[in-house]
Each structure stands twice: as C-alpha cells, then as structure tokens.
Amino acid sequence: DDGIEHRLNQLGYRFVLGGHVEEAVRILRLNTQLYPQSANVYDSYAEALAIKGDTAAAIENYRISLALNPENYNAVRMLEKLRADEN
C-alpha cells in the first residue's frame, strides 16, 4: 500500500526534523526494504544518511534511487555535492 510507504517516509522526516537522525535512518531503511522498487524511499534514506554524516552510504542510496528513476534530479544534485564534499 502506497499509503504506508508515504506515512513511513513522513515519519522518517519528522524524526530528522526533531533531531532524531538515528531513528529516522532506521525507519527510512525499513521503507527501502518494504518498497525496494521506490526511487523516492531510497532518496529519502540517502538524505537521512547524509545528514547523519554517512557520505558513502548516502552516495550508494542516491545511486540506487537514480537507477530506479533516471529523472531524479535531486539525486543527481546530491551526488555531485556529496562527491565534491568527499574531495
């Protein structure tokens, strides 16, 4: 059910905004496991990983999101930014 996917994503972002990044990462990782064909859940998970400071994992998940949706321009921008930050 897409409703569950959306609600889990929203919950993950609420945790991020509340400063509970570890909880957000766990929820958003679960969403990727439940909806492995959703580019959006990988994008959200990658964003939380980037906020956590796990750049390598963020890059990996933005790449997955982009593979699932080649028109995900947010993933393109974030990959460029994260790669630049690594150098």
Side-chain angles (χ1 to χ4, degrees):
D1 175 43
D2 288 345
I4 294 170
E5 175 186 340
H6 180 72
R7 284 192 294 255
L8 284 173
N9 236 34
Q10 283 185 319
L11 181 60
Y13 277 109
R14 272 192 235 126
F15 275 113
V16 167
L17 292 172
H20 302 282
V21 178
E22 288 293 334
E23 290 83 353
V25 166
R26 284 197 293 273
I27 289 165
L28 295 169
R29 180 177 57 233
L30 172 64
N31 219 10
T32 68
Q33 294 165 347
L34 294 172
Y35 300 96
Q37 297 305 312
S38 170
N40 185 55
V41 298
Y42 284 99
D43 189 86
S44 299
Y45 180 43
E47 185 174 350
L49 289 164
I51 291 167
K52 178 184 171 190
D54 191 344
T55 303
I59 287 171
E60 177 184 337
N61 283 279
Y62 276 124
R63 285 182 179 152
I64 294 169
S65 179
L66 195 57
L68 291 168
N69 176 11
E71 295 181 11
N72 180 354
Y73 298 112
N74 180 63
V76 172
R77 283 192 310 276
M78 291 304 297
L79 282 167
E80 289 171 357
K81 178 187 183 310
L82 291 168
R83 287 181 186 137
D85 290 349
E86 274 190 326
N87 297 328

Identify, with sequence neighbours excluded, every residue that meets side-chain contact (heavy atoms from CB on, under 4.5 Å) alongside [X].
X   : value
N9  : Y13, L28, N31, N40, V41, S44
Q33 : R29, L30
E23 : F15, H20, R26

Can you pull out every salt bridge (charged side-chain N to carboxylate O under 4.0 Å, His left out) where at least one residue sits in residues 9-22? Sequence neighbours excluded, please.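 The answer is E22-K52.
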Nearest 0.5 angstrom please: [X] [atom1] to [Y] [atom2], how far?
X   : Y   : atom1 : atom2 : answer
E5  : L34 : CD    : CG    : 9.0 Å
R83 : T55 : CZ    : OG1   : 12.5 Å
T32 : L8  : OG1   : CG    : 10.5 Å
K81 : N74 : NZ    : CG    : 11.5 Å
L66 : Y73 : CG    : OH    : 9.5 Å

Do [X] and [Y] share a hydrophobic cluster, counting only Ile, Leu, Val, Met, Phe, Trp and Tyr and linking them when any side-chain heavy atoms are less than 4.5 Å apart?
X   : Y   : answer
I51 : Y45 : yes
V76 : I64 : no
V16 : L49 : yes

Could you tell me which non-hydrogen atom of [X] sits nearest to which non-hydrogen atom of [Y], and how far apart they are?
X   : Y   : value
A58 : A50 : CB-N, 3.7 Å
A24 : G12 : CB-O, 3.3 Å
Y42 : Y35 : CE1-O, 4.4 Å

If you look only at pairs with a residue in residues 60-72, which of them pass as a side-chain hydrogen bond (donor to acceptor under 3.5 Å, both in side chains), with sequence neighbours excluded?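 For residues 60-72: D43-N72, S65-N72.
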Residues in salt bridge (Lys or Arg N to Asp or Glu O under 4.0 Å) with D54, at least two apart?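 D54 satisfies salt bridge (Lys or Arg N to Asp or Glu O under 4.0 Å) with no other residue.
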